[in-house]
Amino acid sequence: MTLSTHRRGWLRAGLASVGALVLGACDKITADPKGVAFLQSAEGLTRRAQRLFVDRKALAREFTHADISPDFRPNGSISPADEDYVALKTAGFADYRLVIDGLVEKPLSLSLADLRAQPSRTQITRHDCVEGWSSIAKWTGARLGPLLDQAGLKPTARYIVFHCGDTLEESLDGTGKYYESIDLIDAHHPQTILAYAMNDRVLPVAHGAPLRLRVERQLGYKQAKYIMRIEVVEDYKHLGRGNGGFWEDRGYEWYAGI
Ligand SMILES: Nc1nc2c(c(=O)[nH]1)N[C@H]1C(S)=C(S)[C@@H](COP(=O)(O)O)O[C@H]1N2
Ligand SMILES: [Mo]
């Protein structure tokens, strides 16, 4: 193959993978026999798979202590009024248990001490909110991947849902409770942690005490605070209004990559 056809094939493969993701199909490519041949070749497949995979696995940028924001802005719920949450908070979260259930072999129920004893990671990262502000903080937490390995995902598992303790919107249909979901690639990403500490201190209530998600390749609204339960599911259509998260149910993208 000459260099120019090689490069055209490469470009088509790139467009096709975008098309496949966005539209589910790409008429132009399937109408062009050369494009199809390249896409079906082992080389074309490998390259497309590699690009999707490598990009999703790349680490988010990490910063230094000097970069930490002196006043990281709290946003959304900052002091949940939900009865169950208030009771837990009043008792200093001594009775808190994180439940991991759904499509797992062995459901888990973990205290904060249990969580602090899990494989952990500390990272200084930048939080970007869609509203247009950013703040940098140091987060420490249990890595989600090893926890899910302990619970043992069933073969049908596809998404990890985070059920939160706060109602952000009072609505008659009860869909105002905050929740979020991520896929298994992000769940196993090394920087995906259940944070219990912020800037070397116990996670404050305003930032999601006692436990909040850090999924560093995505925007602020994916960073679920006040996590009460992690449910492993095959699909999230039956939850909330069916779009995989509180803000997704109100029009935001499910995959909020940065
Ligand atoms: N449970 C819960 N998680 C949440 C929210 C919320 O209101 N409730 N707000 C989201 C949004 S939009 C942002 S920008 C971040 C804010 O996190 P922070 O309060 O630590 O800045 O939390 C996200 N996670
Ligand atoms: Mo946000």
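Everything numeric here is computed off the predicted structure, so don't read it as measured data. Numbers here are sequence positions counted from 1. Each ligand, and each atom within it, is numbered from 1 in the order the structure gives.
A salt bridge is absent between Glu83 and Lys89: the closest approach of a Lys/Arg side-chain nitrogen to an acidic carboxylate oxygen does not fall below 4.0 angstrom. Between Glu131 and Arg73 there is a salt bridge, since a side-chain N of the basic residue sits under 4.0 Å from a carboxylate O of the acidic one.
Nearest heavy atom pair, residue Gly165 against residue Tyr85, reads O-CB, 3.9 Å. Residues Tyr226 and Val205 approach most closely at OH-O, 2.7 Å, considering heavy atoms.
Aromatic rings from Trp139 and Tyr196 are positioned such that their centres are separated by 6.0 Å or more. Aromatic rings of Phe246 and Tyr179 (six-membered ring for Trp) have centroids beyond the 6.0 Å cut-off, not under it.
The 4.0 Å heavy-atom shell around ligand 1 contains residues Phe72, Arg73, Pro74, Asn75, Gly76, Ser77, His127, Cys129, Trp133, Cys164, Asp166, Leu168, Tyr178, Ala206, His207, Arg212, Gly220, Tyr221, Gln223, Ala224, Lys225, Tyr226, ordered by chain and number.
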